[in-house]
Engineer: 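I am attaching a structure below and will ask some questions about it afterwards.
The sequence lines fix the lettering, A, B, ..., with proteins before strands; numbering per chain opens at 1.
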Number of protein chains: 2
Amino acid sequence: MTKLDLNFEPAEQLDLKDLNEHVLKAEYAIRGAIPMRAEQIQDQINLDPESVPFDKITTANIGNPQQLQQKPLTYSRQVVSVLQYPELLQHRDLLVKSGAYMPDALDRAKILLDKIGGSVGAYSSSQGVRGIRDTVAEYITRRDDGEPASPQDIFMTDGATRAVTYLLSLLCRGPQYGVLIPIPQYPVYTASLTLYNTAAIPYYLNEKSGWSTDAEEIEIQIKKTIAKGIKPSVIVVINPGNPTGSLLKPDVMEDIVTLAAKYGLVILADEVYQENVFSEGRKFYSFKSVLRSLQRRHKIIYDNVQLASIHSTSKGVFGECGQRGGYLELIGFRNSVREEILKLASLSICAVITGQAMVDLMVAPPTKGQPSYEMDKAERLAIHNTLKERGELLYNTFQELEGIECQRPQGAMYLFPRLYFSQKVYDAAKKADLQPDEFYCHALLESTGICVVPGTGFGQEEGTWHLRTTFLAPGTEWIQKWKAFHQDFYKKYAD
Amino acid sequence: MTKLDLNFEPAEQLDLKDLNEHVLKAEYAIRGAIPMRAEQIQDQINLDPESVPFDKITTANIGNPQQLQQKPLTYSRQVVSVLQYPELLQHRDLLVKSGAYMPDALDRAKILLDKIGGSVGAYSSSQGVRGIRDTVAEYITRRDDGEPASPQDIFMTDGATRAVTYLLSLLCRGPQYGVLIPIPQYPVYTASLTLYNTAAIPYYLNEKSGWSTDAEEIEIQIKKTIAKGIKPSVIVVINPGNPTGSLLKPDVMEDIVTLAAKYGLVILADEVYQENVFSEGRKFYSFKSVLRSLQRRHKIIYDNVQLASIHSTSKGVFGECGQRGGYLELIGFRNSVREEILKLASLSICAVITGQAMVDLMVAPPTKGQPSYEMDKAERLAIHNTLKERGELLYNTFQELEGIECQRPQGAMYLFPRLYFSQKVYDAAKKADLQPDEFYCHALLESTGICVVPGTGFGQEEGTWHLRTTFLAPGTEWIQKWKAFHQDFYKKYAD
């Protein structure tokens with residue numbers, strides 16, 4: 001029996017006014033209004049397939065390769081299945097003879113299990129499994145042509161997003177501080193900054209030069225911000241670009257490092273698309289390699305630059321989004337600052353162990369001479385080529401159409417074409433209480449089932465309109481349907 | 001060639017003063033000074049086994065069952081290995097005949113793969129896989145004797161910690177708001193509140209009544225807080241208790257629900273130890289079942305109560321910490337508030353898919369008549385009984401010793417004994433610049449390799465001293481070693 005007085009007026013339920021205002025303000029377009037409408041339509045198709053003029057939703061709004069039938073790499077999945085069920089190792093002969101497993105996949109699983117300490121069901125240290133961090137450090141060293149990397153600087157994370165959260169929650173200190181973000185940008189950055197109540201300082205990417213960064217434009221923004229009494233503390237660079245599909249050249253990257261040295265900006269290098277490079281003759285340069293090269297040439301100036309680089313299993317030829325594997329490399333930070341990142345990681349206890357294992361497998365595929373080598377290489381190449389070809393096809397299709405202008409795909413898995421609209425589109429959009437790019441994307445979805453994200457969700461220069469599409473969806477039929485829709489739309493709304 | 005002026009003074013590196021002050025202030029004892037010292041000792045043992053008077057560290061500081069040789073449940077691991085490598089389904093006959101797999105595990109994997117959409121490498125919706133949320137809702141309904149649960153109210157999360165983060169980041173609004181937390185408590189709560197700059201309002205658990213909650217004590221704290229101009233908005237209850245190992249009775253839970261109704265508190269029910277119930281004749285009651293029962297009896301008073309219940313695959317007989325599976329059930333919240341939780345989830349994109357699958361397997365084990373049923377049941381029972389017996393043994397050992405007083409283990413996987421120290425201990429601790437409980441725990445670690453967490457890390461009534469130990473470590477030898485250490489310690493420091 002309660003000792004409390006039951007004679008009271010029950011309190012009000014929570015309402016939006018009772019919540020953290022910064023959460024309320026945060027917006028995330030990739031899973032916003034149009035994708036939500038697409039989900040509704042999918043439910044409708046499931047109930048009554050005849051109710052819409054297409055048979056399925058084509059989800060080109062999100063970089064989710066395996067949802068779109070990109071096959072996982074066989075070797076890595078063989079290894080991780082054994083991590084989940086090590087008893088498989090007791091059946092080695094049978095599994096190899098039957099062709100169910102490659103022998104080197106079983107060997108690798110054994111090595112990984114030892115690194116992990118025997119079970120993927122146990123927590124690892126908060127920084128991540130040491131042996132896996134060793135593998136990552138070796139990968140970075142190879143990738144950067146011998147520039148050394150240390151496992152002490154590597155933090156394993158649940159996808160790249162978690163790494164962004166650690167960094168921004170540590171470096172964001174309130175509205176009198178600012179983070180430079182590219183426009184257009186991946187909206188998790190603006191959303192996080194809103195959440196952490198810190199100013200987003202936009203710097204515009206240069207569409208005409210393939211969405212490259214422009215150091216002079218960035219420095220103008222920095223000076224303007226400082227003049228307003230706001231201290232810029234971080235610069236976010238996404239390379240290869242999301243949503244733009246750009247690939248930065250080392251000289252423009254050098255300029256960004258110079259700005260970081262001059263203004264004490266931490267460089268947050270979002271390098272999750274480092275394997276997705278499609279331009280002939282071009283290669284991915286990491287910010288770390290650019291920094292090290294500058295440090296060799298001008299030690300005094302660049303010695304204090306602080307760089308955080310993030311990578312993930314979600315993109316590249318791996319496409320293992322749902323496995324939530326990722327890592328963060330910290331370069332040039334004081335130990336005391338690193339300790340704080342470790343504290344934040346320890347509050348999440350540890351990154352999922354199979355995701356950590358996936359990172360190990362991503363950065364150290366089977367090597368020449370191992371039984372799985374040829375199969376793995378062929379699978380990787382096939383995925384890479386399919387993406388490249390489909391990106392080109394989509395680009396070429398846009399080239400043929402009026403009212404749309406697109407940069408050639410260089411990297412990542414996106415195109416971010418610009419749309420030119422007639423007055424009629426502006427009027428119709430206004431009537432529908434939508435921006436013109438939203439209006440176009442809604443119409444595309446309702447007519448064809450193709451779901452893309454309007455440029456509004458990523459930011460764009462005022463008066464310009466864009467959309468972001470992935471080129472992951474299988475086949476080419478959807479591209480033809482889009483083409484037909486586009487032509488009809490422009491005919492319908494011709495001035 | 002850069003267009004930027006290289007003639008500048010390089011900026012300073014970041015220092016602690018440049019970081020978010022709330023991160024700096026946050027503390028997390030479970031991975032704090034003593035566990036860090038234990039890691040150092042482990043490294044030392046690896047280099048020179050003779051350098052310490054024991055052969056290994058016994059990690060009793062953290063609830064990490066599989067690190068301590070608790071075996072994962074075979075059925076669930078069989079299923080998840082197939083999710084990682086669905087090609088195994090092509091070898092069904094071989095796998096079943098050889099005894100590598102149970103046929104119903106293969107069938108379950110097929111069903112789960114369909115629910116997931118074909119690949120654990122694809123993102124799910126941010127709320128989680130619908131079919132898995134259905135299974136969770138069915139489980140809750142069974143657990144609560146038919147009180148209905150809806151998949152719409154279930155959010156899949158990376159472990160329970162992520163659910164805590166979503167809730168507190170939404171409900172914490174600054175220092176003029178407060179969250180009631182039990183003392184002693186699981187320190188992720190105080191750390192999160194420091195991070196979100198919101199007041200922690202301690203309410204003391206009653207050690208003498210087996211660490212139960214005391215509604216009158218809580219109401220006093222609420223009134224004091226309101227008088228200070230701080231609005232309490234959430235009450236955290238951990239049941240079964242961490243670090244206390246308590247199990248709440250329905251009547252004291254009713255009182256907490258009444259306080260929630262009266263003061264408009266959201267109940268954050270940390271129910272991750274719901275399977276870990278060891279008291280004879282006692283059972284776990286969920287806060288939801290208590291709330292529903294009150295609502296039936298006094299609808300007007302209790303209709304507006306808002307409850308968030310969290311659960312995880314990390315504890316119970318599953319012990320799958322490293323898989324990061326968990327869920328959150330929201331009860332009684334307005335839709336608009338739920339939408340904000342969904343937005344926070346969408347910023348993390350989605351919970352790891354294999355973790356979601358683990359939740360499905362945890363809440364819906366094989367049923368009677370299925371080939372795996374007897375094996376699975378026997379494995380679950382063996383783990384449960386081992387934990388129960390070891391908890392009892394540790395408790396009985398403490399009963400024999402002077403200077404230590406312990407409540408009988410009722411639930412969870414912890415004991416939180418009280419320590420009484422002589423003046424000599426106080427003096428020695430002061431000299432070492434430690435609290436007395438820290439001093440004892442350091443001495444225990446250095447003498448025996450047993451790593452536990454001092455009560456200071458969880459909070460305790462002023463002038464009282466405790467420690468938290470798990471009873472997960474295998475065998476009983478460590479308990480005997482602890483006993484011998486304790487006797488020596490009390491002899492050495494006798495007044």
Engineer: Can you tell me which portion of Phe333(A) sits under 4.5 Å from chain B's heavy atoms? Options are side chain, backbone, both or neither.
Structural biologist: both
Engineer: For Lys231(B), is it the side chain, the backbone, both or neither that has a heavy atom under 4.5 Å from a heavy atom of chain A?
Structural biologist: neither
Engineer: Which atoms of Val305(A) are under 4.5 Å from chain B, going by heavy atoms: the side chain, the backbone, both sets, or neither?
Structural biologist: neither
Engineer: Where is the tightest heavy-atom contact between Ser76(A) and Glu320(A), given as atom of each residue plus distance?
Structural biologist: OG-OE2, 4.5 Å
Engineer: Of the backbone (N, CA, C, O) and the side chain (C-beta and beyond), which part of Leu88(B) lies under 4.5 Å from a heavy atom of chain A, both, or neither?
Structural biologist: side chain
Engineer: With a 4.5 angstrom heavy-atom cut-off, could you sort out which part of Lys17(B) is near chain A: side chain, backbone, both or neither?
Structural biologist: backbone
Engineer: Tell me, out of Ser169(B), Ser314(B), Ala351(B), who's got the most heavy-atom pairs with chain A below 4.5 Å.
Structural biologist: Ser169(B)
Engineer: Can we call the ring centroids of Phe8(B) and Tyr263(A) under 6.0 Å apart?
Structural biologist: no
Engineer: Taking side chain as everything from C-beta outward and backbone as N, CA, C, O, which of these in Ile116(A) sits under 4.5 Å from a heavy atom of chain B? Side chain, backbone, both or neither.
Structural biologist: neither
Engineer: Which region of Thr161(A), side chain (C-beta onward) or backbone (N, CA, C, O), has a non-hydrogen atom less than 4.5 Å from a non-hydrogen atom of chain B, or is it both or neither?
Structural biologist: side chain
Engineer: Does the side chain of Thr59(B) pick up a donor-acceptor pair with the side chain of Gln67(B) at under 3.5 Å?
Structural biologist: yes
Engineer: Taking the side chain as every heavy atom from C-beta outward, state whether Leu330(B) and Leu167(B) have any pair of such atoms under 4.5 Å apart.
Structural biologist: yes
Engineer: Between Asp18(B), Leu171(B), Asp158(B), which residue shows the highest count of heavy-atom pairs closer than 4.5 Å to chain A?
Structural biologist: Asp18(B)
Engineer: Between Ser81(B) and Tyr101(B), does the side chain to side chain donor-acceptor pair (under 3.5 Å) criterion hold? Intermediate values first, please.
Structural biologist: CA-CA 10 Å; Ser81(B) 67; Tyr101(B) 278 80; 2.5 Å; yes
Engineer: Give a yes or no on whether Asn7(A) atom CG has more than 12 heavy-atom contacts from other residues, nucleotides or ligands under 6.0 Å away.
Structural biologist: no
Engineer: Heavy-atom cut-off 4.5 Å, strictly under: side chain, backbone, both or neither for Leu342(A) against chain B?
Structural biologist: neither
Engineer: Measuring heavy-atom distances to chain B, does Leu344(A) have an atom under 4.5 Å in its side chain, in its backbone, in both, or in neither?
Structural biologist: side chain
Engineer: Could you check which of Gln13(B), His91(B), Glu87(B) has the highest count of heavy-atom pairs closer than 4.5 Å to chain A?
Structural biologist: Gln13(B)
